[in-house]
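This one's a predicted model, so the numbers in the text were calculated from it and none came from an experiment. A, B, ... follow the sequence lines: proteins, then strands. Residue 1 opens every chain.
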Amino acid sequence: MLEASVVGRRDSELWRRAITIVVFTIAIISFGVAAPSFFTIANIRAIELSSSVLLIASIGATFVILMGSIDLSIGAVASFCGMLVARLAPDLGLWSVPIACLVGLVFGAINGLVYVYLRIPSILVTLGTATTISGAVLFISDGRSLSVSHAAVIDMAQGALAIMVPNAVLVSAGIYGVAVLVGDRTRFGRMTLAIGSDEQVAALIGVKVNTIKIQAFALSGLLAGVAGVLLAARLGSATVTMGSYMTLDTITAVVVGGTAITGGLGNVRLTIIGVLFITILSDGMNILALPPYLQTIIQGTVILLAVLLNTNRASAEDVK
Amino acid sequence: MSNTWYEPQTTGSTAGVEAKVQIAQFYNRHRPIINAIGPLLLLMAMAAVFASINPRFLSWINLFNLMRQSSILLIVSTGITFVILMGALDLSVGAIVTLVAISSAVLIRDFDVGAAGIAVAAAGIGALCGLVNAALVLRLRLPSFVATLGTMTILGGVSTWISGGANVFFQSPNLTWIGSGSVIGRIPNSGVFALLIFVVASFVGARSHFGRALFAIGGGGLTARLSGIDVLRTKAAAFVVSGMLCGVAGLLLVARTSTGTSRMGDDLLLQAIAAVVMGGTALSGGSGGVHRTLTGVLVIAVLQNGLNIAGVHTYLQIMVTGLIVVLSVTITLDRSRLASIK
Amino acid sequence: MRRLSTYLFATAAFLGVAGGASAEDVLSEVSTLENEYFNNWSQGAEQAAKSLSLNYRILSGKGDAAKQIEIYEAQFGAGVRITFGENLVAANIKPIVEMAKKVGAVHVAVWESLPGFHPLDAGGDNYAFATFFSPDDVENSYRIAKLLFDKIGGKGNVAHITGFPGVDADISRTAGFDKALAEYPNIKLVARQPGKWNQVDSRKVMEDLLVAHSKIDAIFGQNDSIALGAMQAVEDAGVHIPIVGLDGNRETLKLVKEGRILATMGFTPQWQAGFALVRAYDVAKGFKPSPCERMMYTGATLITAQNVDKYQAFLAGEKLPFDWKKMSRVLHPSDWDAQNYVWPIDVKTYWGARTPAGYKFPKAYQDAVDSGCVDQLKAEYNGHYKQRIPE
Amino acid sequence: MSGVPTPIYTMRNGSKRFNGICVVEGIDLDVFPNEIVGIAGENGAGKSTTLKMIAGIHTPNAGSMRLFGKSFTPTSYTEAVEAGISMVFQEQALIPSLAVYENIFLSLEANFANRIGIVDRRAMIAVSERHLKDLGLDYIDPCRRTGDYAFHDRQMIEIAKAFVLAEHCHIDHPIILLDEPTAAIGERQIKILFESIRRYRRRASFVLITHRLVEYVELCDRIYVFKDGRNVGEFAGEQISEQSLHRAMVGRARDDEYFMEKRQLKLEGAPIAVSVKGLSGHNVQNVSFELRKGEILGIGGLVGCGKEAVAKAVVGFEPFPPNGTIEVGGEALPLRGRGKAAMLRGMGFVPKERKTEGIVPYMSVQANMSLASLPLVSRLSGFISRSRERLLAEKYINRLRVRCKGPAQLCQFLSGGNQQKVVIAKWLARKVQVMVLDNPTRGVDVGAKQEIYGVLRDLAEEGVAVLLVTDDLPELIGMSNRILVMREGEIQFLCNAPADNKPTEQELVQHMV
């Protein structure tokens, strides 16, 4: 008599994941066949380095997107914090790193505060702050690119404890591990999902919606800051717009990973798939030396395909 | 039961609470007026500041300047408003403008297409791009944010491929006249053209069945369908209209520059979204209106123009622009209609 | 019809690029492929590579510093050993050279140099950072600014529309402009606003400046796109005043011919890319440039209505009028021909205030300068400038 | 334990104002141990507000509350939960994408967290599992996504949650507030729910709000009746009857005319409006019936019996059963574009989910009313005439007695009953020939309900064929000319229900289960 009526959704979800991974593997193998140098240590190291920076920024973006919001200021914050490190490193040395990250946190918190208390859609808040912050980057750098001259700072990304594993990878792996734990096993992780799923319900249950929102944006800012610092360390220099590519790439990575852009569905854990996908694709195409416009076209197509495979699509009426 | 623990709460800070309540009540009662007049006041304040820095800000020449400079953004914003009204987003508008601008330039330079032909081609290419978006969203059921993110990237690549990366320079007096000339006195054609499109679009948005259907879809898709509205066709039409207007904007842009350059329209995307929201249309759809977009466009245009005339340093210009976006949305957005802000 | 087939052919050719790479590869990396300058650049590089039987490929970081590094990482990983390019970000040179050193590759940098990082700093006897080439931007913009000032009779109001603040090219072009301005006391600089290197923004800025200032007699555009945008704004307002730009783009040449733009500076990117490629090839094949030869200026052509026809005709053909093999010091050890002005940079003044505090020039370089290598080399390269770009 | 029992919860003089408008005032309320207390009243009487004050969601503007003998001043729902009060919400307060156990402990994770905030998942699952088993819900897997369970199962999860939380907060005897728990579930689920509540009362007290008076009678020990935000009566034991409650609520007795049975038409030989033949697929098996002009055909059955699917199939709501034909006015509807075709042949549909399927909340009353008949309010083809639209809206506002500030008011701000009237008006404006209604009076207060019944009678008299799908048995019996009972997708029973000879509830229910 008492039977739970369960919608058979799980199996299809597993299927989709499986298909994604198969396609992913095929892509990697075909790159390897087309360009034998794809599997060299140097290239793998390159992929590791570039994906670690993007991964860190994408983790912050994931929490924000899980809430159904969006953070367009990631690129600007990353640029600012990278520039700040380059600027401060000669005087403060390694101390410049925590300071820059903290500034990222402050930017994120400002985003969150404005978003929550002025009740402006996050896409507009972060668009505004992104513009303002990119102006501020010009201000502190006078538009020039700066070298990161402090060896210890550079070592943070480029140095390596183990041969195959640059420090940047260790940093991002650590952050990823913590983020997965936070996403799955803490109050904060659940709350972001609850807010994304239904804000009113979340508030009713006693979720401190505003606090969580501010926290998520602050976290996103902090991680954007860390990513910016790491990027500066990796490049050995900071430029005015060096982080700007991250804004779109993080969103793409999160969505390709399978987190719904509308929020409430997804997981930090998945984001790494999207990050690797983007990085490996662009690395592979660079090795094959495909003409740049063709790269762009392929990239766009692959984003569409990946999302097509990876997301649970509602009926056309509900698609927004 | 002498426990009256609620009382101290109200007696302690009566004045403050009362004042707050009064402000809230005042706001609620006059919300429509505040939302409508607020941005106008902001515009006037900006104009006053700029005029005090350089009185020529208020000259006729500059007014025509403003018309010229805001015409393309106005057309693009008008187009994207239709899409936003139904609760979707079109991230490909900038890319469509670029694509149309470049392909028009190539068509004129290499194939000697006439002015009429080029107008049809531009609108057609734009509409086609919109159709692709519609197909991705409606047939493949991708969220519009992601689908148009994809087409944005792809179209960017296609534009570079068509132009070969070079500036496509052409000479077409007819087209230049459309973009930069003037029929009525010294009022620029592009401005007249944009206003005409805007007025027609506003009317369509407010009074046509299509516009009503968009509002219904944005406010509640299922209700719309169950009321006999052809949701798929309406949604597709919105994307196509958005694409087509972007095509027109692209043609106007290239008519003004006589050169098709890669990425020339890309900046328009974020500006257009900002303009629409500043105008008071909610990103969640179903609330706002095409006619409101003009305010947002004017805020952006006046800001850029005024800062240039005032000779403000670039860095400061950029920083101020960001702040004004936030400020003006704070004033204009009717949040009472939104259950939750995302 | 012929044009259509050209497009189809071009598409097929581009798709074909994806195919295998067997001959020796040479990579050019530039900040963007989405403008004419780098298209001309690529044309030159391609023909040079072909004549040296090299397998040429071009990639672009699309204005993104991190992507640029990734491209070099991937390409060095894929076995490319000859590289040259324009670095969007000067600071990127260092990591690129570090990578090149590791794999034993050669890199030639054009346009952007990193103050405090002389090629010799990569190692006394290491040629991974083979050479740095750049037009003398300060001198070029000084020359063209003087031309502009003379045109309006040495007095009047001038508007200067810059690129984007902070970029090296912007800084040095502004410096050249200011140098000329100092020599003309009656010229008044009424406005200096950025046009962000592109036509759309510069046009907007110019329209606004025309409102803000009642009288503008001449306009200095930091590059051709800016000059073009400014020109359209001015012509819209029904005014005709002299305008100059820099770059030597094809459409600008037409406008110079029509007299709508006064002058531009032709950098001849075809030659720039080809020469950089040949030099990278030379160094990879064992040519060892002397300490003074590691950072050099390359010539640019001032193009006005007088010489525009000759210059246009010079570059008009499908096949460029350069003898690339003749440029090579390895293939032609004695009778090599640079086919343009090339002369050593006085690095100390070039970097000027941008030199990091406490930086010491490499000893080899210092010694060479002290022994008068600059004049020596100038004479030598002058002697090897035979086939000429029309002036 | 002897003598007069003491209440575990008391509210004295509870009052709440919103923006200066008094919603409830001077409410006194007690809850005794093991008691099921009802709060009855029309919509807007302040029932929900009172419940929310108890649950700490609204802070009263005046008054006092005591819980377990101590002063009780919750400022948030979480605080109330920790003190032993939890609420089962009308619109469910569960996050579909979270696992069941995660939902149960949502916002209380801190109690399972170690020092650095990492939650002990296993402990949470174990506790949830034990409680689900205790409550006879062992078929629910705590690790499964909540969204995978059907609505009524989720409701049981919410009740389980209340017990889990109470135990977790060391409360022996929690108070569980039920806000319209039966609004969205069918008879069978209601039965299970009530059985469970009766079983669970050994361990808890309940406060219940429902729209169906019969449920109060069936379940409650004591009932407070609210009217206009005030406490107007208290009934206990034998005093409770539908009549007494109704009289107290609306100030008038519930007469037999409630369903206006006298206006029911006799329909021998009336022409057939809709003929459904052999409908199969999607929870429906071989359903055939005919609907005559002027007839009200009722379809009843338990939740999941397929009656909603039939309603949706008739109006062409995708996905409809692939087999079978639906003939309207003697012509079969095409399979492609069936919804559009159905509408063109004069069909109207009042759906179950009013807020998402019936109205567009952000649009005005007039825009909602004209939504299905835009050509009728247009002057230029394709363009709406404001004046015509306004006239149309005013006409139906008057006719249906929609309580609103005017045609321009947003639908969002109307009460449930008035929103439903707007949905009906939308179809009246089209002059429909066939009206299909799916639970049209769900969540509608008694007064508005009767008005809606009146409209249905009007329609029938005008010759409109009405298909009424409902979970409400009295409504089904009272309104219908004929009644279809469905079970597991098939038609189980068909009977005539003439005005003078209505079948009893008992008769129908035996065919349902």
Side-chain angles (χ1 to χ4, degrees), chain A residues 67-70 72 114-116 118-125 127-136 138-139 142-143 195-196 198-200 209 248 251-252 255 260-263 291-305 307-308 311 313-320, chain B residues 86-89 136-147 149-161 165 217 221-222 224-225 231-232 235 270 273-274 277-278 282-285 314-327 329-330 333 335 338-342:
Chain A
M67 293 195 310
S69 306
I70 207 157
L72 295 184
V114 173
Y115 166 47
V116 164
L118 294 184
R119 306 207 350 116
I120 301 174
S122 55
I123 192 171
L124 261 293
V125 176
L127 177 63
T129 47
T131 317
T132 307
I133 293 170
S134 61
L138 291 166
F139 222 86
D142 204 16
I195 292 173
D198 191 331
E199 198 176 316
Q200 270 95 8
V209 174
L248 266 188
I251 296 172
T252 313
V255 173
I261 193 82
T262 42
Y293 62 86
L294 198 61
Q295 289 198 14
T296 322
I297 293 173
I298 291 176
Q299 206 168 3
T301 317
V302 166
I303 291 172
L304 289 178
L305 285 178
V307 177
L308 212 54
T311 48
R313 282 163 291 133
S315 75
E317 269 78 14
D318 311 328
V319 174
K320 289 227 158 161
Chain B
M86 66 174 188
L89 202 57
L136 288 173
V137 173
L138 303 175
R139 285 271 162 255
L140 298 182
R141 292 188 274 161
L142 290 169
S144 62
F145 190 96
V146 184
L149 180 70
T151 44
M152 173 181 94
T153 318
I154 294 172
L155 293 180
V158 172
S159 306
T160 318
W161 171 66
I217 292 168
L222 259 174
R225 182 154 80 90
V231 175
L232 290 187
K235 279 187 169 183
L270 289 180
I273 293 178
V277 180
M278 276 195 248
L283 281 174
S284 46
T314 330
Y315 306 160
L316 212 57
Q317 276 198 18
I318 297 172
M319 289 166 78
V320 169
T321 310
L323 292 178
I324 293 281
V325 167
V326 174
L327 178 67
V329 177
T330 313
L333 195 62
R335 300 170 191 74
L338 306 175
S340 59
I341 310 270
K342 290 233 160 155

Quick check on [X] against chain A: is it the side chain, the backbone, both or neither that has a heavy atom closer than 4.5 Å?
| X | value |
| --- | --- |
| B:V277 | side chain |
| B:M152 | side chain |
| B:L270 | both |

What's the separation between atom [atom1] in [X] and atom [atom2] in [Y], rounded to the nearest 0.5 Å?
| X | Y | atom1 | atom2 | answer |
| --- | --- | --- | --- | --- |
| B:L327 | B:M278 | CG | CE | 10.0 Å |
| A:I123 | A:I70 | CD1 | CD1 | 5.5 Å |
| B:L138 | B:L140 | CG | CG | 9.5 Å |

Nearest heavy-atom contact between A:I120 and B:T330 is CD1-OG1, 3.1 Å

Given a strict heavy-atom distance threshold of 4.5 Å, which part of [X] is in contact with chain B: side chain, backbone, both, or neither?
| X | answer |
| --- | --- |
| A:V114 | side chain |
| A:L127 | side chain |
| A:L248 | side chain |
| A:I298 | neither |

Of the listed A:D142, A:I303, A:T252, the one with the largest count of heavy-atom pairs under 4.5 Å with chain B is A:D142

Most heavy-atom pairs under 4.5 Å with chain B, out of A:T132, A:T296, A:V209, belong to A:T132

Taken in chain and number order and not counting sequence neighbours, the residues that satisfy side chain to side chain contact (heavy atoms under 4.5 Å, CB included) with B:A224 are B:A216, B:I217, B:I229, B:V231

Within the structure provided, determine whether B:I318 and A:L138 are in side-chain contact (heavy-atom separation under 4.5 Å). yes

Those residues at least two apart in sequence (or on a different chain) that pass ring pair (Phe, Tyr, Trp, His ring centres under 6.0 Å) with B:Y315 are B:H313

Max heavy-atom pairs within cutoff under 4.5 Å with chain A, candidates B:L136, B:I154, B:V320, B:L149, goes to B:I154

